[in-house]
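Side-chain atoms are counted along with the backbone in the values below, which use heavy atoms only and exclude waters and symmetry mates. To find a chain, count down the sequence lines: A is the first, B the second, and so on, and within it residues start at 1.
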Amino acid sequence: MSFDHQKVEQKWQKHWIENKTFKTDTYSTKEKVYALDMFPYPSGAGLHVGHPEGYTATDIISRMKRMQGYEVLHPMGWDAFGLPAEQYALDTGNSPEAFTKKNIATFKRQIQELGFSYDWDREISTMDPNYYKWTQWIFTKLFEKGLAYTDEVAVNWCPALGTVLANEEVIDGKSERGDHPVVRKPMRQWMLKITAYADRLLDDLEDLDWPESIKDMQRNWIGKSEGAEVTFNIDGHEETFTVFTTRPDTLFGATYTVLAPEHPFVKEIVTDGQREAVNAYLHKVQTKSDLERTDLAKDKSGVFTGAYAINPVNNKKIPIWVADYVLMSYGTGAIMAVPAHDERDYDFATKFELPIIEVVAGGDVTKEVYVGDGEHVNSGFLDGLDKDTAITQMIEWLESNGKGEKKITYRLRDWLFARQRYWGEPIPIIHWEDGTMTAVAEEDLPVELPVMTEIKPSGTGESPLANSPEWVNVVDPKTGMKGRRETNTMPQWAGSCWYFLRFIDPDNTEQLADPELLKEWLPINIYIGGAEHAVLHLLYARFWHKFLYDIGVVPTKEPFQKLFNQGMILGEGNEKMSKSKGNVVNPDDIVVSHGADTLRLYEMFMGPLDASVAWSTNGLDGARRFLDRVWRLLVNEDGTLSEKVTEANDGSLEKAYHETVKKVTTDFDNLHFNTAISQMMVFINEGYKANEIPKQYVEGFVKLLSPIAPHVSEELWHLLGNAKTISYEVWPTFDESKLVEDEVEIVVQVMGKVRAKINVSKDISKEDLEKLALDNEHIQEWITGKTIRKVIVVPGKLVNIVAN
RNA sequence: GCGGGUGUGGCGGAACUGGCAGACGCGCUAGACUUAGGAUCUAGUGUCUUAUGACGUGGGGGUUCGAUUCCCUUCACCCGCACCA
């Protein structure tokens with residue numbers, strides 16, 4: 001008979017909740033482990049089978065660490081602000097808050113039904129004013145330190161909807177809702193100066209135990225590049241302009257320069273003869289979307305301004321062009337073009353028949369661009385030098401002649417931090433009638449979202465909050481000055497930038513968290529989530545954390561010491577699960593049909609945690625079959641403990657048991673759950689073959705199984721005669737000496753091919769082993785008539801005879 | 001184009017710092033039990049071959065007594081970035 005998973009699971013879930021089994025003692029003197037999941041956005045679709053994969057992994061670690069004597073912090077919460085709730089509110093006129101709360105309730109029920117060992121007393125939600133008070137507080141600190149500022153930034157403005165749209169809401173230049181035209185319009189926006197932390201965000205990646213691919217993605221995103229700025233005079237103008245280049249050594253080969261279309265100098269320097277052409281070009285570029293400008297950029301376009309720059313190193317007049325292959329957002333928005341040694345410049349110069357001068361030997365620039373290293377030519381004082389030396393010398397020349405300087409540029413841009421939305425944390429700023437603005441004082445935080453009967457666009461581009469005059473308009477009680485609240489809200493990223501701090505001290509009313517506790521619990525030992533957050537969430541959270549470190553709020557430079565990305569669970573056809581494909585698996589259904597333990601076990605057994613593997617109903621059945629096999633091995637038909645479980649120990653399972661304890665323990669630590677499970681399967685298979693199973697081993701095995709399948713393990717633990725929960729029982733240990741057998745099997749190879757296997761004492765000498773191998777009759781057959789050239793003996797493993 | 005990763009049976013996947021390729025599971029085959037089995041148990045299951053044996057970790061080459069593992073080269077797929085000067 002198999003166990004009744006519904007009964008068993010409900011029983012233990014109730015027990016855990018009622019007894020607060022997984023309540024963390026924040027002040028514990030035990031060694032601490034902080035195992036964190038990326039908290040979910042509670043979407044209306046409910047839990048997806050992808051969610052439990054990462055959650056199970058951290059749960060296994062948490063449960064094992066508790067049993068190993070650690071105090072474990074394993075919390076869960078809700079990333080509650082977000083666009084879908086606002087859209088829902090716009091569509092239905094209902095409150096995004098009620099909608100989100102309902103979704104949270106569903107998520108919570110689903111998560112609890114999977115038996116995760118969260119401390120639910122620490123549940124937090126980013127939409128809770130007690131929480132976002134501190135999100136706002138951090139913003140005011142950023143503001144005070146000059147790291148939050150306003151700037152005019154182009155946004156997606158939809159006149160028909162009277163609202164600003166996020167990039168993902170714009171499809172082919174039309175609004176996703178209603179298919180209305182969308183234009184780029186500059187608006188005053190809040191920005192966070194993440195670029196001030198670029199170097200530290202880059203350098204501190206070194207010490208993190210993160211997947212190399214994620215570190216690389218962050219490095220690329222930050223995009224540090226070293227080079228120089230070079231100042232060009234403009235023929236007939238007073239002003240100068242500056243370009244950024246990583247190849248100052250090729251300055252002698254600069255045959256033209258290019259300004260980005262948005263460069264402020266374009267309109268100043270354009271000659272009368274070229275004005276019409278330039279204006280036409282600028283207009284053409286403006287109507288191109290970002291996508292067109294970047295994606296369809298196979299064929300370069302541009303136009304001559306009529307003006308000339310003076311190459312500072314040789315005083316040659318070179319034309320100034322405008323072209324959209326130069327981006328205003330990177331470097332200085334202007335480049336010096338060296339067509340001989342830069343692919344983009346080469347394409348452009350070829351198309352517009354601009355001169356190409358070779359300055360680095362090694363290729364044939366009449367035929368194709370040459371970007372490699374080589375001796376410099378046509379380059380005056382750089383002739384004969386290699387690239388690195390030439391770069392250094394050119395920078396020296398530029399600096400001593402006042403024509404430029406060494407410069408480091410980043411691809412990373414400041415973080416656009418404002419959203420023209422209702423459903424987010426209000427940015428705690430007041431604009432006063434005298435033109436000043438101030439941050440809301442700490443004692444006046446949080447600035448709560450007003451309850452609004454209807455959430456609709458303001459029509460001005462401001463958020464719907466602008467529709468609530470009683471909320472927007474304020475009067476300073478001291479001075480009587482009138483002011484207006486900032487109507488922008490924070491982006492969804494804000495709340496997730498620091499939630500892991502709040503879990504440590506969720507009810508603190510005085511500060512975001514007690515510094516003493518932060519010291520105890522940070523950094524996070526293991527953080528697991530999807531790779532889709534590889535760059536933005538993780539970079540933003542690191543930025544805030546470093547800022548909080550600088551102002552003395554947190555004790556560590558980095559929040560997440562170890563990070564791991566779980567893979568995706570695909571549909572049975574190896575495609576992404578999606579409603580439209582109809583291949584979505586609902587965890588609720590699996591919990592009913594197979595049970596939470598089976599789901600957890602199956603998801604961990606599918607493959608390595610970081611791999612993307614297709615869902616398989618057969619595989620799921622197999623996981624359940626294993627749990628049934630465990631149950632039947634230990635429990636009789638009538639529900640009593642099997643007679644096979646004995647106090648005696650005949651030693652037959654000794655090696656298998658110790659091996660299993662060792663492998664499962666180390667595999668869990670390394671997040672290799674699939675192989676840990678296979679080892680448990682091996683043990684159970686051995687158990688079926690054995691006549692009796694020592695109770696001690698059974699208890700040890702149930703403990704090993706309990707992090708993965710906690711409900712059935714609790715039930716078995718109970719059946720074994722234990723009254724208390726298994727959750728804090730001591731994790732089994734293994735004895736290394738039990739793993740080595742007195743006799744080992746040695747592989748005997750001839751010419752690298754296995755020809756025989758012999759059993760020998762583990763202590764046999766190299767010489768004796770070699771002799772035994774050579775005397776073996778099968779081996780004799782293979783080596784007679786041949787000359788033995790060499791015999792390789794690897795003690796305890798193999799003998800390889802080289803003979804021909 | 002640049003950066004990163006992955007290629008192993010019919011399928012998901014194992015294999016420690018180079019040492020028995022295919023653990024474990026799924027699927028399949030046969031048998032047992034059974035009124036029945038899509039339950040359970042037992043055995044088998046990389047390919048070719050009559051056994052012996054030969055071949056086999058995307059392809060080609062190399063280092064080595066020995067390569068899934070290291071090196072070179074090539075192909076395919078996946079992920080990220082994408083005119084970043």
Side-chain angles (χ1 to χ4, degrees), chain A residues 1-2 211-221 223-225 227 243-248 250 254 257-258 260 293-298 300 323-327 329-338 341-345 347-348 409-413 531-532 534-535 565 567-568 574 601-602 605-608 610-623 625-626 628-629 632 663 666 672 674-685 688-689 745-757 781 789-794 796-803:
Chain A
M1 210 192 88
S2 68
E212 203 48 43
S213 62
I214 302 292
K215 287 194 193 181
D216 254 324
M217 280 162 71
Q218 294 218 343
R219 287 189 194 109
N220 290 336
W221 194 262
K224 180 176 183 170
S225 68
V243 305
F244 173 73
T245 176
T246 54
R247 294 293 304 275
T250 60
T257 66
V258 187
R293 251 183 92 165
T294 54
D295 239 38
L296 305 171
K298 301 244 157 60
K300 293 206 170 15
D324 67 355
Y325 82 91
V326 174
L327 308 174
S329 53
Y330 184 76
T332 59
I335 61 154
M336 62 179 220
V338 184
H341 307 293
D342 180 283
E343 242 171 278
R344 298 151 299 182
D345 299 343
D347 291 347
F348 192 81
T409 298
Y410 300 90
R411 205 177 74 92
L412 181 71
R413 295 187 230 159
E532 65 274 21
V535 178
N565 292 116
M568 228 181 329
N574 243 311
L601 177 73
Y602 172 59
F605 189 59
M606 289 176 92
D610 57 358
S612 291
V613 182
W615 182 266
S616 150
T617 306
N618 280 330
L620 180 74
D621 290 340
R625 203 170 302 155
F626 171 63
D628 282 338
R629 263 171 78 77
R632 279 197 315 269
K663 183 150 179 63
T666 54
H672 295 162
N674 56 331
T675 50
I677 291 165
S678 85
Q679 182 60 40
M680 288 193 246
M681 289 171 168
V682 169
F683 180 76
I684 291 302
N685 290 345
Y688 268 91
K689 285 180 206 150
E745 192 184 56
I746 299 290
V747 174
V748 185
Q749 300 180 328
V750 178
M751 298 300 287
K753 293 205 159 65
V754 182
R755 297 301 181 193
K757 292 176 182 179
E781 283 173 34
R789 307 275 175 200
K790 198 173 173 184
V791 179
I792 292 112
V793 180
V794 182
K797 287 235 170 90
L798 63 71
V799 177
N800 187 12
I801 298 158
V802 186

Would you give the length of the straight line joining atom [atom1] of [X] to atom [atom2] of [Y], rounded to the nearest 0.5 angstrom?
X: A/Met680; Y: A/Thr675; atom1: CE; atom2: OG1; value: 9.5 Å
X: A/Ser2; Y: A/Arg629; atom1: OG; atom2: CZ; value: 14.0 Å
X: A/Arg219; Y: A/Leu412; atom1: CZ; atom2: CG; value: 15.0 Å
X: A/Thr409; Y: A/Phe244; atom1: OG1; atom2: CZ; value: 3.5 Å
X: A/Asn674; Y: A/Leu601; atom1: CG; atom2: CG; value: 11.0 Å

Looking only at atom [atom1], what distance separates [N] and [M], rounded to whole Å?
N: B/A85; M: B/C79; atom1: P; answer: 26 Å
N: B/A15; M: B/U8; atom1: C1'; answer: 10 Å
N: B/G58; M: B/G13; atom1: P; answer: 14 Å
N: B/G22; M: B/G56; atom1: P; answer: 16 Å
N: B/C71; M: B/G7; atom1: P; answer: 15 Å
N: B/U69; M: B/U6; atom1: P; answer: 13 Å
N: B/U42; M: B/C26; atom1: P; answer: 13 Å
N: B/A54; M: B/U49; atom1: C1'; answer: 8 Å

For A/Phe348, what residues pass the side-chain contact (heavy atoms from CB on, under 4.5 Å) criterion, not counting sequence neighbours?
A/Tyr256, A/Lys300, A/Trp321, A/Ala323, A/Tyr325, A/Phe352, A/Leu354
When you compare the side chains of A/Arg411 and A/Asn220, does any donor N or O come within less than 3.5 Å of an acceptor on the partner?
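The answer is no; no qualifying pair exists.
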For [N], which nucleotide is its Watson-Crick or G-U wobble mate, given both distances must be under 3.5 Å?
N: B/G3; value: B/C79
N: B/U40; value: B/A32
N: B/G12; value: B/C24
N: B/C70; value: B/G62
N: B/C55; value: B/G46

Could you go step by step and tell me if A/Thr250 and A/Met336 meet the side chain to side chain contact (heavy atoms under 4.5 Å, CB included) rule?
CA-CA 10 Å; A/Thr250 60; A/Met336 62 179 220; 3.7 Å; yes
Whole angstrom is fine here: how far is it from [atom1] in [X] over to [atom2] in [N]?
X: A/Arg755; N: B/G53; atom1: CZ; atom2: P; answer: 7 Å
X: A/Ile792; N: B/G66; atom1: CD1; atom2: C1'; answer: 7 Å
X: A/Tyr330; N: B/C81; atom1: OH; atom2: P; answer: 17 Å
X: A/Arg247; N: B/C83; atom1: CZ; atom2: P; answer: 20 Å
X: A/Phe244; N: B/A85; atom1: CZ; atom2: C1'; answer: 8 Å
X: A/Arg411; N: B/C83; atom1: CZ; atom2: C1'; answer: 12 Å
X: A/His672; N: B/C16; atom1: NE2; atom2: P; answer: 11 Å
X: A/Tyr602; N: B/G12; atom1: OH; atom2: C1'; answer: 8 Å

Under-3.5 Å N/O pairs linking protein and nucleotides 3-10 of chain B:
none

Using a strict 4.0 Å threshold on nitrogen-to-oxygen distance, state whether A/Asp628 and A/Arg625 make a salt bridge.
no
Distances for protein N or O near nucleotides 20-28 of chain B N or O, under 3.5 Å:
residue: B/C20; atom: O2; partner: A/Lys757; partner atom: NZ; Å: 2.6
residue: B/G25; atom: OP1; partner: A/Asn685; partner atom: ND2; Å: 3.4
residue: B/C26; atom: OP1; partner: A/Arg625; partner atom: NH1; Å: 2.8

In B/G27, glycosidic geometry as syn within 90° of 0 or anti otherwise:
anti
So, is A/Arg632 near the phosphate of B/C41, with a side-chain N or O under 4.0 Å from OP1 or OP2?
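For B/C41, OP1 or OP2 has a side-chain N or O of A/Arg632 closer than 4.0 Å.
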Look at the side-chain N and O atoms of A/Ser612 and state whether any lies under 4.0 Å from the OP1 or OP2 oxygen of B/C78.
no
Can you tell me which nucleotide in B/A85, B/U40, B/A14 comes closest to the side chain of A/Asp342?
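Nearest nucleotide to the side chain: B/A85.
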Is there a donor-acceptor contact under 3.5 Å from the side chain of A/Tyr602 to the main chain of A/Gly622?
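Side chain of A/Tyr602 to backbone of A/Gly622, a donor-acceptor pair under 3.5 Å: no, none is there.
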Check whether A/Asp345 reaches the backbone of A/Val338 with its side chain - one donor and one acceptor, N or O, closer than 3.5 Å.
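At least one qualifying donor-acceptor pair exists.
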Which part of the nucleic acid, if any, lies within reach of A/Ser329 when heavy atoms closer than 4.0 Å are counted: base, sugar-phosphate only, or nothing?
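The answer is nothing, as A/Ser329 stays clear of every strand by at least 4.0 Å.
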On RNA chain B, does the nearest nucleotide to A/Tyr688 precede the nearest nucleotide to A/Met336 from the 5' side, or the other way round? Give the residue.
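The answer here is A/Tyr688.
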